[in-house]
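Only this structure's heavy atoms are used, side chains among them; waters, hydrogens and symmetry mates stay out. One-based numbering, in listed order, for ligands and for the atoms of each.
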Amino acid sequence: MKILVVGSGGREHAITWRLAQDETKHELFCAPGNAGTAALAENLAIGAEDVAAITEWAAANRPDLVVVGPEAPLCKGLADSLTAVGVKVFGPVQAGARMEGSKAFAKEVMKAAGVPTGLAETFTDAAAAKAALPKFGLPVVIKADGLAAGKGVIIAETREEAEAAIDDMLVGGRFGAAGAEVLVEEFLEGEECSILALVDGEHAVLLPSSQDHKRVFDGDKGPNTGGMGAYSPAPVVTADRLPFIRDTIILPVVRELKRRGIVYRGVLYAGLMVNNLPDGRKAASGSDVNVVEFNARFGDPETEAVLPRIGGDFAKTLLACAEGTLKDEDVVVSPSCAATVIVASGGYPGSYAKGKVMSGLDEAAKVPGAIVFHCGTKAVEGQVLTAGGRVLSVTGLGGTLREAVDTAYRAVSCISFEGAFYRRDIAHRAFERDGL
Ligand code: AMP
Ligand code: GLY
């Protein structure tokens, strides 16, 4: 198949890599890709958000499938635009991508579909939002409606903090249009996990569970990041919970969207809070598993941990989603475990330097069971340079999670560049759970 992957991060390298593992060989392109995808595909000089240029390329070059990595082009209508020129696309139409692009829309769909989630109310008026605060107790969550680069969620411990966050968004215009509407939401307690579901408009197949590590430092300390690592499976998602998640969360959303005329094809990513509190306290929904958020795409770095565990013909599976013919047996899961460690630039998630020369990538890739995915890199005159905050995503595979983690860190230890750092406690929740 001729396939274009849109995006330039670790997620897109992992998608491209997984397509390249198929028995049938494909002709692969990335727009724009990175130094890692360049080894597997032809990188095109087209930005991931340039809907017009991607559509023009696809109309002229007629790929069998376009796989869209990031949310921004989906929210801008890339899938609609490709469909209009007769090109098949893995990724939802603009109206479906609103499940990620508008938290108020996602809540409204969940409510209509009876999906368990935190109680929430939506406001455009600061005084009304503040007046509603007592109903939610403390802590309380204040969220900007739109995309705010992961910064639009404030967990307020006090009423003053909550009021300040409301003022910041609704009066101060902190996130511009994305914060012109805010949600006041029930604080959910428990352990978070990610479920990536492949959806073909009607059917859904869940990929193995995973958990990411959002904070920058060990012990979940420091500011939030795009993700510092991930592992799969996440033991908090016990086997008995998977049918519940599919039947009570994913499928009702897909059906509710379809009822509204939105045929959702691509990944529906559910960020879930699993309530495992010792005293059995429950969220207002009464459910043990509640939706924190939906995303309209593969997670990053979850994809780098999940996709190496998927067997079968991946291109065929993604095409089946695009064509509305997905079947359970299209997704074959390997029993192995995976752990992914992000190697980041010093200073990230604040400001950081770019253009640092990297070494040890070949040695790392030779560690048995390790895969080195590039996130923010650039090849210049035979050298690989850093080009982002998150630079590499190093995945280890193993029969146990411990083996997977050890393999990932063995590979990471081969790599060096000025300022490089990484978390040393990936998968700690799984190990603590097992008393390890
Ligand atoms: P979101 O952008 O909605 O994914 O939120 C970002 C992060 O904020 C989530 O991954 C959670 O860690 C946290 N969060 C969001 N909503 C809630 C909630 N209702 N209760 C507890 N934590 C939340
Ligand atoms: N790892 C979180 C995300 O992809 O949104």
Salt-bridge criterion met for R281 and E189 (N-O under 4.0 Å): yes
message: Is there a side-chain contact between T377 and V391 in this structure, where contact means two heavy atoms from C-beta onward sitting under 4.5 Å apart?
response: yes
- request: Using a strict cut-off of 4.0 Å, indicate which atoms of ligand 1 neighbour a heavy atom of F187.
  value: 20 (N), 21 (C)
query: Quick one: do E256 and R259 make a salt bridge, cutoff under 4.0 Å?
result: yes
query: Can you tell me which residue and heavy atom of the protein come closest to atom 18 (C) of ligand 1, and the distance to 0.1 Å?
result: V141 CG2, 3.6 Å
Ion pair check, D168 and R174, cut-off under 4.0 Å: yes
message: Show me which atoms of ligand 2 lie under 4.0 Å from any heavy atom of Y269.
response: 1 (N), 2 (C), 3 (C), 4 (O), 5 (O)
- prompt: Can you tell me the protein heavy atom closest to atom 10 (O) of ligand 1 and the distance?
  reply: E192 OE1, 2.7 Å
- request: Say whether E189 and ligand 1 are in contact under the criterion: heavy-atom distance to a ligand atom below 4.0 Å.
  value: no
message: Distance under 4.0 Å to a non-hydrogen atom of E185: what atoms of ligand 1 satisfy this?
response: 16 (N), 18 (C), 19 (N)
Contacting atoms of ligand 1, where contact means under 4.0 angstrom from a heavy atom of K143: 3 (O), 15 (C), 16 (N)
message: Quick test of your reading of the model: are K135 and E186 salt-bridged, counting only N-O distances below 4.0 Å?
response: no
task: Do me a favour and list the nearest non-hydrogen protein atom to atom 5 (O) of ligand 1 with residue, atom name and distance?
output: V153 CG2, 3.3 Å
message: With a 4.0 Å cut-off on N to O distance, would you call R297 and E71 a salt bridge?
response: yes
task: Answer yes or no: is there an ion pair linking E185 with K107, defined by an N-O contact shorter than 4.0 Å?
output: yes
field: Where ligand 1 meets K103 - atom numbers and elements under 4.0 angstrom, heavy-atom basis
entry: 1 (P), 2 (O), 3 (O)
task: Considering the heavy atoms of E302, write down every atom of ligand 2 situated less than 4.0 Å from one of them.
output: 1 (N), 2 (C), 4 (O)
query: Less than 3.5 Å between some nitrogen or oxygen of D212 and one of ligand 2, yes or no?
result: yes
- prompt: Tell me, which protein residue and heavy-atom name are nearest atom 14 (N) of ligand 1, and how many Å apart are they?
  reply: V292 CG1, 3.8 Å
- request: Tell me, with the steps shown, if D220 and R423 meet salt bridge (charged side-chain N to carboxylate O under 4.0 Å, His left out).
  value: CA-CA 9 Å; D220 296 317; R423 273 183 66 161; 3.0 Å; yes
field: Per-atom contacts, ligand 1 versus K214 - under 4.0 Å to a heavy atom
entry: 10 (O)
task: Could you list the atoms of ligand 2 found under 4.0 angstrom from a heavy atom of N295?
output: 5 (O)
field: Cationic N near anionic O, under 4.0 Å, E293 to K143
entry: no
- request: Would you mind checking if R255 and E202 are paired as a salt bridge, meaning a charged N to carboxylate O distance below 4.0 Å?
  value: no
statement: At under 4.0 Å between heavy atoms, what of R297 touches ligand 2? The answer is side chain
Residues D22 and K316 bridged, charged N to O under 4.0 Å: no
task: Determine the minimum heavy-atom distance between D212 and P301, stating which atoms define it.
output: CB-CD, 4.3 Å
- request: Taking only heavy atoms of G299 into account, list the atoms of ligand 2 that are under 4.0 Å away from them.
  value: 4 (O)
field: Protein non-hydrogen atom found under 4.0 Å from atom 7 (C) of ligand 1
entry: no
- prompt: Which one holds for L188 and ligand 1: side chain close, backbone close, both close, or neither close, with close meaning a heavy atom under 4.0 Å?
  reply: both
- prompt: Where does I155 meet ligand 1, judged by heavy-atom distances below 4.0 Å: at the side chain, the backbone, both, or neither?
  reply: side chain
